[in-house]
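Computed from a predicted structure; not experimentally measured. Atom set for the values below is all heavy atoms of this structure, side chains included, hydrogens, waters and symmetry mates excluded. Chain A is the first sequence line, chain B the second, and so forth, proteins listed ahead of strands; every chain is numbered from 1.
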Protein chains: 2
Amino acid sequence: MVTIADIAKIAGVSKSTVSRYLNGGSISDATRKKIERVIDANSYSPNKFAQSLKAKKTNIIGTIVPRLDSYATSQTLIGIDEQLRELDCQLVISNSSQDLNREIENIYSLAKQKVAGIILLATEITDGHLEAFRQAQIPVILVGQQHDQLHSIIHKDYESGYELGKYVLQKGHRNIAYLGVTEKDIAVGIKRKEGFKKAVEGQPDTLVHYFETSFNIKGAMERVPEIIEEYQPSIIVCATDNIALGALKAAYMKGLRVPEDLSLTGFGGYDITEITYPGITTAKFYYKEAGRMAAKDITKLVNGEELGKISFTKYEIIERESVDNLL
Amino acid sequence: MVTIADIAKIAGVSKSTVSRYLNGGSISDATRKKIERVIDANSYSPNKFAQSLKAKKTNIIGTIVPRLDSYATSQTLIGIDEQLRELDCQLVISNSSQDLNREIENIYSLAKQKVAGIILLATEITDGHLEAFRQAQIPVILVGQQHDQLHSIIHKDYESGYELGKYVLQKGHRNIAYLGVTEKDIAVGIKRKEGFKKAVEGQPDTLVHYFETSFNIKGAMERVPEIIEEYQPSIIVCATDNIALGALKAAYMKGLRVPEDLSLTGFGGYDITEITYPGITTAKFYYKEAGRMAAKDITKLVNGEELGKISFTKYEIIERESVDNLL
DNA sequence: TTATGTTTCGGAACCGGTTCCAATTGGTTC
DNA sequence: GAACCAATTGGAACCGGTTCCGAAACATAA
């Protein structure tokens with residue numbers, strides 16, 4: 001390992017001069033050239049630990065994800081990764097495996113690592129989270145959930161729910177099942193549903209039933225047959241694309257044709273919804289873009305810049321073949 | 001920030017004594033108790049940078065992945081993450097976005113961070129990789145590809161290809177298309193194909209055509225129609241589940257029923273192959289398990305233990321509905 | 001009680017950087 | 001050539017740990 005002292009000795013200057021060279025202090029042209037030569041002749045690069053030890057901080061951004069095997073997570077991470085690379089920040093990913101306690105532990109652990117900021121792909125914010133953030137004294141950006149004490153980047157859950165609701169009505173559906181998720185998840189469990197509710201309420205001769213399932217495909221597969229049998233909806237509006245995938249499989253297994261016998265919609269815009277047959281109509285969120293924004297925003301916070309509490313990402317209704325036109 | 005010096009002062013001992021307490025040196029019972037009390041009264045924990053600076057090493061394992069949005073990557077990472085957590089190692093994930101140069105840069109970058117070991121989810125090993133590893137002087141485990149100079153964990157590509165070949169024959173298929181990928185990818189592009197070839201060669205009255213496409217779904221969607229039109233195979237054996245998904249979509253779009261008009265198989269065992277309709281018959285690899293093994297092995301190497309050059313993960317042919325029985 | 005051997009402990013150096021401060025150098029101006 | 005000011009430079013302290021080494025404390029044996 002070649003150190004700054006070695007460079008200094010070889011170049012015939014002092015450590016402090018080399019350090020100044022590295023950090024842009026005032027230096028004469030002659031010594032600048034000399035040091036430059038020596039440094040890349042010996043391919044020197046400063047020891048990160050020594051730097052962090054002295055600086056008491058790093059340029060690492062910690063990202064906590066609830067799970068690694070999810071489209072939304074992957075895409076968001078890709079966006080974060082790309083942007084942080086441009087900003088010359090290091091990314092550390094911390095997986096909480098959908099365990100809120102582990103999530104909180106991860107906050108403390110990142111704090112001990114002296115990360116400059118934390119991006120949290122949030123599902124639910126508890127007092128434990130807030131306490132951890134308070135103790136850590138580190139800037140935080142939430143992605144996907146809103147909280148009035150924290151900065152967040154959120155998808156337009158309410159608006160997309162509303163627009164999708166209007167779309168479904170416009171296609172002539174009047175007997176609707178909405179298959180949602182737990183209200184603990186404010187964004188997905190409440191906002192989407194509320195937006196949808198707002199869109200369909202007041203529409204004459206329209207029946208809407210609300211159901212709840214888990215986030216995974218299997219859960220939806222099991223839930224959907226009962227719903228169909230009991231209420232015979234012409235459409236099931238699913239709160240996530242995964243749920244829609246489960247519903248699609250369930251429909252197939254019951255021998256129903258989609259969309260002729262049953263229409264479906266999702267939320268998310270996962271790539272796979274384009275590949276299924278039929279393609280699934282869905283409210284597409286721009287996760288990668290959200291990741292990019294999160295990365296930009298966290299570095300702004302780290303640098304002490306001002307920042308609005310909330311940013312929104314755009315969304316788009318992608319019309320495919322899974323919704324029948326009943327009119 | 002409370003430091004070791006603070007603890008020492010409060011406890012009325014020297015820094016070295018506290019350090020000994022932390023690292024298991026010889027200490028009298030009385031001072032042990034005293035220090036213990038002070039430490040958790042002040043919730044002290046040692047500064048990682050200072051430790052790493054002195055020790056010139058870390059307990060961080062770097063994992064380089066070619067992409068984040070892939071089933072195989074996610075699952076492998078989950079396995080690595082779980083196992084490293086048990087082994088009290090820190091995981092750092094480095095994404096190369098399928099860019100070999102960036103992959104090599106990432107090796108150097110991890111080396112600069114003084115990671116204890118590197119796990120590489122490999123696609124192709126170039127001289128640049130070898131040179132980087134040589135310079136880094138850090139233990140490496142390859143996952144998914146084999147290389148005689150490096151330790152690796154590989155899936156049984158040849159064997160699974162062979163078994164799937166036999167399966168296809170046994171189902172009575174005699175006009176077969178094999179849709180593979182570039183031979184630059186030894187495991188996926190060559191091994192799987194060779195295993196399959198071995199299984200079908202010598203089978204009388206059997207026609208097999210080999211084709212190549214990219215790794216993504218879209219590529220397969222575009223490639224498959226030509227293949228069907230030109231050769232009318234009864235089955236397309238796809239080198240990855242993604243390719244099979246693309247083929248499935250392409251078949252649907254041509255109005256072909258699967259498996260009645262066209263059979264399909266994949267490799268990988270992605271969860272989604274269970275959800276499509278019909279479910280896709282595939283050779284399932286245990287990525288999570290491979291990740292676990294990689295994590296265990298890299299820590300063994302880090303600790304200087306001996307290790308065989310190659311480990312295999314198991315695989316399994318998952319029979320679903322996408323293969324018609326022609327007999 | 002003294003000599004000897006073990007534990008236990010403190011002091012100081014070190015890891016590889018950064019930064020403050022004072023000293024030197026060089027260039028201007030009179 | 002002296003005086004002055006700004007630009008460069010070197011020395012030393014510091015960040016928060018670990019570790020070597022010698023001193024002190026204690027226990028045991030003679």
* **Check: B:Gln145 side chain, B:Ala187 main-chain N or O, donor-acceptor pair, under 3.5 Å** => yes

* Structure fact -> Judged by nearest nucleotide, the residue sitting upstream toward the 5' end of DNA chain C, B:Ile27 or A:Arg20, is B:Ile27

* Verify the contact: side-chain N or O of A:Thr17 to OP1 or OP2 of D:dT9, cut-off strictly under 4.0 Å; return yes or no. => no

* Base, sugar-phosphate alone, or nothing: which one does A:Ser19 contact when heavy atoms must sit under 4.0 Å apart? -> base

* Asked: Can you name the side-chain contact (heavy atoms from CB on, under 4.5 Å) partners of B:Glu82, sequence neighbours left out?
  -> B:Ile78, B:Lys288, B:Arg292

* Of all residues at least two apart in sequence or in a different chain, which pass the ring pair (Phe, Tyr, Trp, His ring centres under 6.0 Å) check with A:Phe133? -> none

* Asked: Do A:Ile4 and A:Tyr44 come close enough that some side-chain heavy atom pair is under 4.5 Å?
  -> yes

* To do: Using a strict 4.0 Å threshold on nitrogen-to-oxygen distance, state whether B:Asp6 and B:Lys9 make a salt bridge.
  => no

* Asked: Taking atom P of C:dG17 as reference, at what distance in whole Å does atom NZ of B:Lys114 sit?
  -> 9 Å

* To do: Starting from the 5' end of DNA chain C, give me the residue, A:Ile4 or B:Ser28, whose nearest nucleotide shows up first.
  => B:Ser28

* **Gap between atoms CG and C1', on A:Asp29 and D:dA7 respectively (whole Å)** => 12 Å

* Tell me which residues in residues 32-57 of chain B put a heavy atom below 4.0 Å from DNA chain C, sorted by number, or none. => B:Leu53, B:Lys54, B:Lys56

* 4.5 Å side-chain heavy-atom contact, B:Leu53 and A:Asn47 -> yes

* Can you check whether A:Leu84 reaches A:Gln90 side chain to side chain, under 4.5 Å on heavy atoms? -> no

* Base, sugar-phosphate alone, or nothing: which one does B:Ser26 contact when heavy atoms must sit under 4.0 Å apart? -> base

* Check for a donor-acceptor pair, side chain of B:His129 on one end and backbone N or O of B:Ile104 on the other, with a separation under 3.5 Å. => no

* Length of the CG-P vector between B:Asp6 and D:dC15, whole Å -> 10 Å

* Asked: Where along residues 7-16 of chain A does a heavy atom come under 4.0 Å from DNA chain C, residue by residue in number order?
  -> A:Lys15, A:Ser16

* Nearest-angstrom distance from the residue atom CE of B:Met1 to C1' of D:dG17 -> 10 Å

* the helix from C:dT1-D:dA30 to C:dC30-D:dG1: angle between end helix axes, five pairs per end, rounded to 10 degrees -> 50°

* Ionic contact status for A:Arg134 with A:Glu131, cut-off 4.0 Å -> yes

* **Pairing residues for A:Tyr287 by the ring pair (Phe, Tyr, Trp, His ring centres under 6.0 Å) criterion, not counting sequence neighbours** => A:His155

* Asked: Any donor-acceptor pair under 3.5 Å linking the side chain of A:Asn303 with the backbone of A:Thr299?
  -> yes

